[in-house]
Each structure stands twice: as structure tokens, then as C-alpha cells.
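Per chain, numbering begins at 1; letters A, B, ... match sequence-line order. Source: prediction; values computed, not measured.
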There are 2 protein chains.
Amino acid sequence: MKTSATFYHAGCPVCLEAESAVVNYLDRAKVDLEIVHLGTAKARVAEAEKAGVKSVPALVIGGQVLHLNFGADLAVLK
Amino acid sequence: MKTSATFYHAGCPVCLEAESAVVNYLDRAKVDLEIVHLGTAKARVAEAEKAGVKSVPALVIGGQVLHLNFGADLAVLK
């Protein structure tokens, strides 16, 4: 079974850089990746927060949160 | 040709968590991964700094630096 992963971002330059690394180098044979733009999908900010996301860009993978550099605080996106 | 990646850490709990995600989910068909413990390989702190690493854990991949959460400032490891 594949591991679920969600990459949360807000379209910021730092986000886009991190997204390209995630999209290019994550092992898609093992991981089902969903990419969520919290600037346009505001309804999902609460879900990200519940998963432990404090800032974007962040990758939630197998329940683990990895904040990838720092683009914007999650609070800004509410 | 594979992309070179170096995961720098310092053995901290945050580092070990990030390491497990990197080791498990990075696409090893595309990426040659080296793992460097800067607590024991102090001679490589300068190399990490030059690559743009500010804190550990961090993954330098294809010349791009991704700080994965925050374990320790690089300055502490000098």
C-alpha cells in the first residue's frame, strides 16, 4: 500500500522551489502525492493545521510533518 | 545521471525523524543519497555552510537546500 503524502503550499517562491524538489524526487512508486494550494483552498487550512503544519511549504507524509524551509506562516492563510 | 543529495544532521530527535522520511521516500532510482552526521564529521560543517545550510536537519539536493523542520543551528556544530 502506498503512503499518503500532502504537500501544502501558498504559491510563494519558496513554496514553488520546494514543490519542484518534492515532485521530482519523491518516490512515486511508494507515495501517493497530493498538492494543495492553501491560498485557493482555504477550506483545507484547518486540515493542515490539524496535521501539525505551522508554516508552508510543508509535506505531510505518513502522518509526519516536514516543514521545508519557510515561506509563510499558516496563520496568514486563514 | 543521478542527482546528488546530501542529508546533513546532528543525531537530534528531529534529525532522526526527518532522516527516516528522506531514507524511506526519496526516489533512489533518481538520487544518490549521502548521509552526513555533522556532530561526528565536523570537518564537513564548512561544506554544508557553503551549500547554504543554516540548520539541521537539511537536505541538499541538486544544489537546492531544504531545511526539514528545525533541530539545531549550524553554528552550534562548529
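Residue Val56(B) comes nearest to Ala10(B) through the heavy atom pair CG2-CB, 3.8 Å, listed as atom of the first residue, atom of the second, then distance. Nearest heavy-atom pair across Ala58(B) and Val53(B) is CB-CG1, 3.8 Å.
Atom CZ of residue Phe7(A) and atom SG of residue Cys15(A) lie 6.0 Å apart, to the nearest 0.5 angstrom. Summarising the geometry, atom CG belonging to Leu77(A) is positioned 12.5 Å from atom OH belonging to Tyr8(A); distances are rounded to the nearest 0.5 Å.
Annotation: residues 28-46 of chain B contacts chain A through Lys30(B), Val31(B) [non-hydrogen atoms, separation under 4.5 Å].
Taking chain B as the reference chain and counting heavy-atom pairs below 4.5 Å, the highest number among Ala21(A), Ala5(A), Ser20(A) is found for Ala21(A). Among Asn24(A), Leu26(A), Val22(A), Val14(A), the residue with the largest count of heavy-atom pairs under 4.5 Å with chain B is Leu26(A).
Within a 6.0 Å sphere centred on NZ of Lys54(B), other residues, nucleotides and ligands contribute 12 heavy atoms or fewer.
No part of Ser55(B) comes within reach of chain A, as not one of its non-hydrogen atoms sits under 4.5 angstrom from that chain.
For the side-chain hydrogen bond (donor to acceptor under 3.5 Å, both in side chains) condition, the pairs that include at least one residue of residues 65-78 of chain A, sequence neighbours left out, are Glu49(A)-Lys78(A), His67(A)-Asn69(B), Asn69(A)-His67(B).
Leu59(A) and Leu16(B) sit in two unconnected hydrophobic clusters of ILVMFWY residues. Membership requires side-chain heavy atoms under 4.5 Å apart, directly or through other members.
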